[in-house]
Amino acid sequence: MSASAPFFCAAAADRRGDPLAGTAPRGTTWVLIEYRGAWPVNGFDGIDLDRAVHDEVFAVARVLRARILLVRRHGRRRPGGSGQWAVLHRTTSGRSRQRWGVWRRDTDLEEIARILRAIAEAGDGEVAPLGDDDRPSVVLVCAHGQHDVCCSVRGRPVAEALSDAWPERVWECTHVGGDRFAPNVLVVPDGVAYGRLTPGTACSTIEQHFAGRISADHLRGYTDLVPVAQAAIAALLASFGPAGRDDYAIVSMDRGAESWRLRVRGPHPESGRYDIEVAAVQAPARRLTCRGSEPAASLECTVKAIARASG
């Protein structure tokens with residue numbers, strides 16, 4: 001490639017064969033804000049919003065490590081009018097918590113901070129229902145072209161296909177992480193990240209997801225797990241077929257000299273438990289995004305062995 005040739009991070013990652021499993025962005029709480037204006041490169045931080053409201057929402061979200069994403073429907077933008085907001089949370093026991101609202105003035109978004117505080121105050125305890133918990137999960141497709149061109153070029157066709165199939169459940173969103181795996185799709189509050197989709201594979205993958213059958217194909221991982229645990233469960237799904245979101249559970253994790261050893265409970269009593277060895281290494285520094293010109297290191301997880309646990 002010549003020095004002047006455009007660089008596309010997703011194409012480069014495809015050529016290198018960067019492993020997908022174990023790369024899901026971490027998180028159990030997401031804040032969605034419908035914003036029809038142009039998305040700044042830094043998303044929520046860059047929009048024209050009352051500074052006091054911005055700082056309040058940002059501060060509480062940071063305590064929870066909640067991700068704030070701007071969202072919009074795919075297709076033609078309608079100017080002005082009210083927008084939606086939402087707080088979506090996955091509890092430690094796997095329950096979904098959702099609260100949706102409408103904002104016309106900046107101060108309407110202060111309700112987000114109130115809800116985030118309630119989640120933070122629950123700590124490790126069970127978060128009380130937020131009011132819209134019976135709503136189905138939603139699909140977020142990263143189409144943040146100002147952040148990374150691959151997310152726009154590869155993400156928007158996927159967003160169009162998914163929006164045609166599930167118009168009320170699909171949103172385009174700002175940066176979710178892992179540009180080189182674009183198109184990136186995140187299902188929340190389930191906390192499941194997919195990558196390297198096409199319009200066709202996106203529809204079949206999400207159809208399976210909604211049916212309670214998560215496949216290893218295109219799976220980056222579960223966002224409430226650390227990378228080695230994400231890779232371990234992806235390997236089990238690849239070996240034994242699709243399963244429900246909570247069918248596999250991490251029982252223990254031990255770090256050895258060269259690899260991790262994880263014990264995972266299977267989906268059925270007769271399936272027992274599995275011991276999985278996962279190596280996690282820092283890959284050589286390389287260019288990971290379209291915009292970033294400096295090479296950066298990344299963690300890569302490789303499953304070395306899977307065995308049924310004897311104990």
Side-chain angles (χ1 to χ4, degrees), residues 18-32 64-67 69 88-98 119 124 126-127 136-142 169 173 176-178 181-197 201-202 205-253 260-268 271 273-280 298-303 306:
D18 290 3
L20 197 63
T23 66
R26 299 289 308 283
T28 57
T29 306
W30 299 267
V31 176
L32 311 184
L64 273 174
R65 298 185 177 181
R67 195 68 177 268
L69 300 171
L88 303 101
H89 176 72
R90 177 179 169 84
T91 72
T92 53
S93 62
R95 290 188 174 90
S96 294
R97 295 287 185 256
Q98 297 193 44
I119 296 173
D124 293 332
E126 191 67 9
V127 176
S137 54
V138 297
V139 179
L140 306 176
V141 184
C142 182
R169 298 181 68 173
C173 71
V176 298
F181 301 116
N184 283 303
V185 169
L186 190 60
V187 185
V188 292
D190 303 3
V192 181
Y194 298 98
R196 288 191 182 133
L197 294 157
T201 59
T205 297
I206 297 303
E207 184 175 26
Q208 276 203 83
H209 182 110
F210 287 163
R213 292 174 56 78
I214 295 173
S215 168
D217 297 337
H218 305 284
L219 180 65
R220 293 182 60 190
Y222 295 168
T223 66
D224 57 336
L225 300 179
V226 297
V228 292
Q230 294 178 19
I233 289 184
L236 288 169
L237 293 171
S239 296
F240 302 110
R245 170 65 172 89
D246 298 306
D247 283 354
Y248 289 105
I250 304 296
V251 176
S252 62
M253 295 177 53
W260 289 78
R261 191 171 185 84
L262 298 92
R263 179 157 290 187
V264 181
R265 174 183 55 76
H268 309 293
S271 60
R273 300 184 176 194
Y274 301 90
D275 287 331
I276 305 170
E277 183 183 359
V278 182
S298 61
L299 186 71
E300 291 188 351
C301 298
T302 304
V303 173
I306 300 176

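Numbers here are sequence positions counted from 1.
- Leu262 is not listed as a side-chain neighbour of Asp275, based on a closest heavy-atom distance of 4.5 Å or more.
- Between Val228 and Trp260 the shortest heavy-atom distance is CG1-CD1, 3.7 Å.
- Geometrically, Arg265 does not engage Tyr274 in a cation-pi contact, judged by NZ or CZ lying under 6.0 Å from the ring centre and within 45° of the ring axis.
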Tabulate below the donor-acceptor pairs under 3.5 Å that side-chain atoms of residues 231-245 make, not counting sequence neighbours, or state none.
unit_1 : atom_1 : unit_2 : atom_2 : d
Ser239 : OG     : Ala235 : O      : 3.0
Arg245 : NE     : Asp190 : O      : 2.8
Arg245 : NH2    : Asp190 : O      : 3.2
Arg245 : NH2    : Asp224 : OD1    : 2.9

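- Here the side chain of Thr223 pairs a donor or acceptor atom with the backbone of Gly27 at under 3.5 angstrom.
- Minimum interatomic distance between Gly191 and Trp30 (heavy atoms only, all atoms of both residues): CA-CH2, 3.8 Å.
- Using a 4.0 Å cut-off between charged nitrogen and carboxylate oxygen, Arg90 and Asp246 count as a salt-bridge pair.
- Using modelled atom types, one finds no donor on one side chain facing an acceptor on the other under 3.5 Å when comparing Arg97 with Thr91.
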Identify each donor-acceptor pair in which a side-chain atom of residues 181-189 lies under 3.5 Å from a protein atom, sequence neighbours left out, and give them as a table.
unit_1 : atom_1 : unit_2 : atom_2 : d
Asn184 : OD1    : Arg220 : NH1    : 2.8
Asn184 : ND2    : Gly178 : O      : 2.8

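- The one candidate from Arg169, His209, Gln98 that meets the side-chain hydrogen bond (donor to acceptor under 3.5 Å, both in side chains) condition with Ser137 is Arg169.
- Between Ala24 and Gln230 the shortest heavy-atom distance is N-OE1, 2.9 Å.
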ask   = Run the side chain to side chain contact (heavy atoms under 4.5 Å, CB included) check on Leu69 and Leu140 step by step: do they pass?
value = CA-CA 9 Å; Leu69 300 171; Leu140 306 176; 3.7 Å; yes

task = Given side chain to side chain donor-acceptor pair (under 3.5 Å), test Arg65 with Thr29 step by step and report yes or no.
result = CA-CA 7 Å; Arg65 298 185 177 181; Thr29 306; over 6 Å; no

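- Residues Arg196 and Asp18 are in side-chain contact: their nearest non-hydrogen atoms beyond the backbone lie under 4.5 Å apart.
- The shortest non-hydrogen separation linking Ile306 to Val303 is CG1-CG1, 4.0 Å.
- Minimum interatomic distance between Cys301 and Ala280 (heavy atoms only, all atoms of both residues): SG-CB, 4.2 Å.
- Side-chain N or O atoms of His218 include one that pairs as donor or acceptor with a backbone N or O of Gly195 at under 3.5 Å.
- The backbone N or O of Arg261 lies less than 3.5 Å from no partner atom in the side chain of Glu277, so there is not a single donor-acceptor pair.
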inquiry  = Run Leu219 and Leu20 through side chain to side chain contact (heavy atoms under 4.5 Å, CB included) and show every step you take.
reply    = CA-CA 7 Å; Leu219 180 65; Leu20 197 63; over 6 Å; no

key: Ser215 and Gln208: CA distance, side-chain angles, deciding distance, side chain to side chain donor-acceptor pair (under 3.5 Å) verdict   = CA-CA 8 Å; Ser215 168; Gln208 276 203 83; 4.6 Å; no

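- Tyr222 places none of its side-chain heavy atoms less than 4.5 Å from the side chain of Ile250.
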ask   = Does the pair Val139 and Tyr194 meet the rule for a side chain to side chain contact (heavy atoms under 4.5 Å, CB included), with working shown?
value = CA-CA 10 Å; Val139 179; Tyr194 298 98; over 6 Å; no

request  = Please assess Thr23 against Leu299 for the test side chain to side chain contact (heavy atoms under 4.5 Å, CB included), listing each intermediate value before the final yes or no.
outcome  = CA-CA 8 Å; Thr23 66; Leu299 186 71; over 6 Å; no

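- Counting all heavy atoms, side chain and backbone alike, Met253 lies closest to Val226 at CE-CG2, 3.6 Å.
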